Amino acid sequence: MAVERTLSIIKPDAVGKNAIGGIYSRFESVGLRIVAARMKHLTQKEAEGFYAVHSERPFFKDLVSFMISGPVMVSVLEGENAVAVHRDIMGATNPKQAAPGTIRADFAESIDENAVHGSDSLENAKNEISYFFRVTELCPRTR
Ligand code: DGI
């Protein structure tokens with residue numbers, strides 16, 4: 001299996017619940033390494049740009065308002081099969097359908113405020129990482 005990188009966002013609801021450490025523990029417990037991280041309060045333009053693929057969806061406006069309602073923690077996670085491993089531990093988009101023990105089952109209340117984002121393909125991961133980080137800001141582990 002290849003070593004991959006994926007983009008994680010801990011969304012404003014989870015940051016507001018003081019759950020950054022709890023969610024980072026979930027990443028580390030499955031072997032995902034945090035190789036870049038930044039806390040950020042997204043601007044409306046940044047949130048709209050990040051979710052541009054959903055711009056025609058009925059929930060787009062609410063999604064953008066939610067994403068700018070408080071700071072987020074944006075991170076790059078690295079590990080074997082990182083994109084799929086991260087998606088698995090996040091759980092389903094709707095927390096009510098998320099498997100027990102997943103991040104969304106344990107930290108999220110609703111589909112509108114679902115605690116975390118994770119890239120859904122390697123190609124999207126590359127684009128999403130470069131949306132937030134320069135190559136020189138990534139810190140591969142040396143030990
Ligand atoms: O990759 P995901 O975050 O699991 O899901 P996605 O890329 O399909 O959608 C991005 C976000 O948009 C998702 O985390 C929550 C919101 N969303 C997606 N589908 C719906 C939705 N929000 C509402 N209210 N209703 C939806 O059907």
Side-chain angles (χ1 to χ4, degrees), residues 3-142:
V3 173
E4 297 175 349
R5 287 176 178 166
T6 190
L7 186 85
S8 147
I9 301 179
I10 302 178
K11 295 183 178 181
D13 57 328
V15 173
K17 281 183 192 162
N18 223 15
I20 296 170
I23 293 173
Y24 269 3
S25 284
R26 302 291 179 98
F27 299 157
E28 294 184 336
S29 70
V30 295
L32 293 171
R33 301 180 290 276
I34 298 157
V35 296
R38 178 180 300 125
M39 184 173 272
K40 221 175 142 50
H41 197 137
L42 300 180
T43 64
Q44 182 163 336
K45 270 206 162 134
E46 283 170 330
E48 286 172 350
F50 184 74
Y51 278 122
V53 65
H54 293 308
S55 62
E56 302 303 320
R57 308 286 288 277
F59 56 80
F60 181 67
K61 218 167 156 233
D62 288 345
L63 175 62
V64 170
S65 308
F66 163 57
M67 289 301 289
I68 65 173
S69 66
V72 298
M73 196 74 196
V74 190
S75 311
V76 178
L77 308 178
E78 181 186 84
E80 296 270 324
N81 215 13
V83 172
V85 167
H86 183 218
R87 293 288 295 185
D88 280 352
I89 63 167
M90 283 168 54
T93 306
N94 186 344
K96 292 184 174 66
Q97 286 156 11
T102 59
I103 294 169
R104 281 170 167 162
D106 292 343
F107 292 97
E109 312 299 331
S110 70
I111 192 165
D112 303 286
E113 304 206 347
N114 62 4
V116 281
H117 166 84
S119 312
D120 63 2
S121 69
L122 197 53
E123 192 190 346
N124 284 342
K126 287 183 177 138
N127 293 333
E128 292 178 0
I129 290 168
S130 66
Y131 193 78
F132 288 110
F133 294 98
R134 288 189 287 270
V135 174
T136 52
E137 292 176 309
L138 306 178
C139 303
R141 299 293 168 84
T142 52

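Note: hydrogens, waters and symmetry copies are ignored here, and every other heavy atom, side chains too, is used. These numbers were taken from a predicted model, which means no experiment stands behind them.
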Engineer: Report yes if the side chains of Val76 and Ile34 come closer than 4.5 Å at any heavy-atom pair, otherwise no.
Structural biologist: no
Engineer: Going by salt bridge (Lys or Arg N to Asp or Glu O under 4.0 Å), name the pairs with one or both residues in residues 59-70, residues two or more places apart or in two chains.
Structural biologist: none
Engineer: Run the salt bridge (Lys or Arg N to Asp or Glu O under 4.0 Å) test against Asp112 and tell me which residues pass, sequence neighbours left out.
Structural biologist: none
Engineer: Apply side chain to side chain contact (heavy atoms under 4.5 Å, CB included) to Arg33 and Val3, showing your working.
Structural biologist: CA-CA 11 Å; Arg33 301 180 290 276; Val3 173; 4.1 Å; yes
Engineer: Grab the two heavy atoms, one from Val74 and one from Phe133, that are nearest each other, plus how far apart they are.
Structural biologist: O-CZ, 3.6 Å
Engineer: Would you list the pairs meeting side chain to side chain donor-acceptor pair (under 3.5 Å) in which at least one residue belongs to residues 20-30, sequence neighbours left out?
Structural biologist: Tyr24-Ser75, Arg26-Asp106
Engineer: For Glu137, look at atom CD and say whether over 12 heavy atoms of other residues, nucleotides or ligands are found less than 6.0 Å away.
Structural biologist: yes
Engineer: Mind checking what makes side chain to side chain contact (heavy atoms under 4.5 Å, CB included) contact with Thr136, not counting sequence neighbours?
Structural biologist: Arg134
Engineer: Got a list of side-chain donor-acceptor pairs under 3.5 Å for residues 80-101, not counting sequence neighbours?
Structural biologist:
unit_1, atom_1, unit_2, atom_2, d
Arg87, NH1, Gly118, O, 2.9
Asn94, OD1, Lys96, N, 3.0
Lys96, NZ, Glu109, O, 3.2

Engineer: Roughly how far, to the nearest 0.5 Å, is OG of Ser110 from CZ of Arg104?
Structural biologist: 11.0 Å
Engineer: Provide the closest heavy-atom pair for Pro140 versus Val35 in the form atom of the first, atom of the second, distance.
Structural biologist: CA-CG1, 4.5 Å
Engineer: Can you list the residues that meet the side chain to side chain contact (heavy atoms under 4.5 Å, CB included) rule with Ser121, with sequence neighbours excluded?
Structural biologist: Glu123, Asn124
Engineer: Are the side chain of Thr6 and the backbone N or O of Leu77 linked by a donor-acceptor pair below 3.5 Å?
Structural biologist: no
Engineer: Once salt bridge (Lys or Arg N to Asp or Glu O under 4.0 Å) is applied, what residue pairs with a partner in residues 49-60 remain, sequence neighbours excluded?
Structural biologist: none
Engineer: Within this structure, what is the CG-CG distance for the pair Leu7 and Asp120, rounded to the nearest 0.5 Å?
Structural biologist: 11.5 Å
Engineer: Return each pair, listed once, that meets ring pair (Phe, Tyr, Trp, His ring centres under 6.0 Å) where at least one residue sits in residues 65-84; pairs must be two or more places apart or across chains.
Structural biologist: none
Engineer: Compare all side-chain heavy atoms of Phe132 with those of Leu42 and state whether any distance is below 4.5 angstrom.
Structural biologist: yes
Engineer: Could you name each residue pair satisfying ring pair (Phe, Tyr, Trp, His ring centres under 6.0 Å) that touches residues 88-111, not counting sequence neighbours?
Structural biologist: none
Engineer: Just so I know, are the side chains of Ile23 and Met73 near enough to count as touching, which here means a heavy-atom distance under 4.5 Å?
Structural biologist: no
Engineer: Partners of Thr43 by side chain to side chain contact (heavy atoms under 4.5 Å, CB included), sequence neighbours excluded?
Structural biologist: Lys45, Glu46
Engineer: Just verifying a value: how many Å separate Asp13 CG and Lys17 NZ, rounded to the nearest 0.5 Å?
Structural biologist: 5.5 Å
Engineer: With a 4.5 Å heavy-atom cut-off, do Ile9 and Phe50 have their side chains touching?
Structural biologist: yes
Engineer: Taking only residues two or more places apart in sequence, or in another chain, which ones meet Phe60 in a side chain to side chain contact (heavy atoms under 4.5 Å, CB included)?
Structural biologist: Glu48, Tyr51, His54, Ser55, Val64
Engineer: Kindly write out the residues that satisfy salt bridge (Lys or Arg N to Asp or Glu O under 4.0 Å) with Arg5, not counting sequence neighbours, or none if the list is empty.
Structural biologist: Glu78
Engineer: Distance-only, no hydrogens or angles: does the His117 side chain make a donor-acceptor pair with backbone N or O of Ile10 under 3.5 Å?
Structural biologist: no
Engineer: Provide the closest heavy-atom pair for Ala14 versus Ala115 in the form atom of the first, atom of the second, distance.
Structural biologist: CB-O, 3.7 Å
Engineer: Write down the atom of Ala108, the atom of Glu113, and the distance for their closest heavy-atom approach.
Structural biologist: CB-O, 3.7 Å
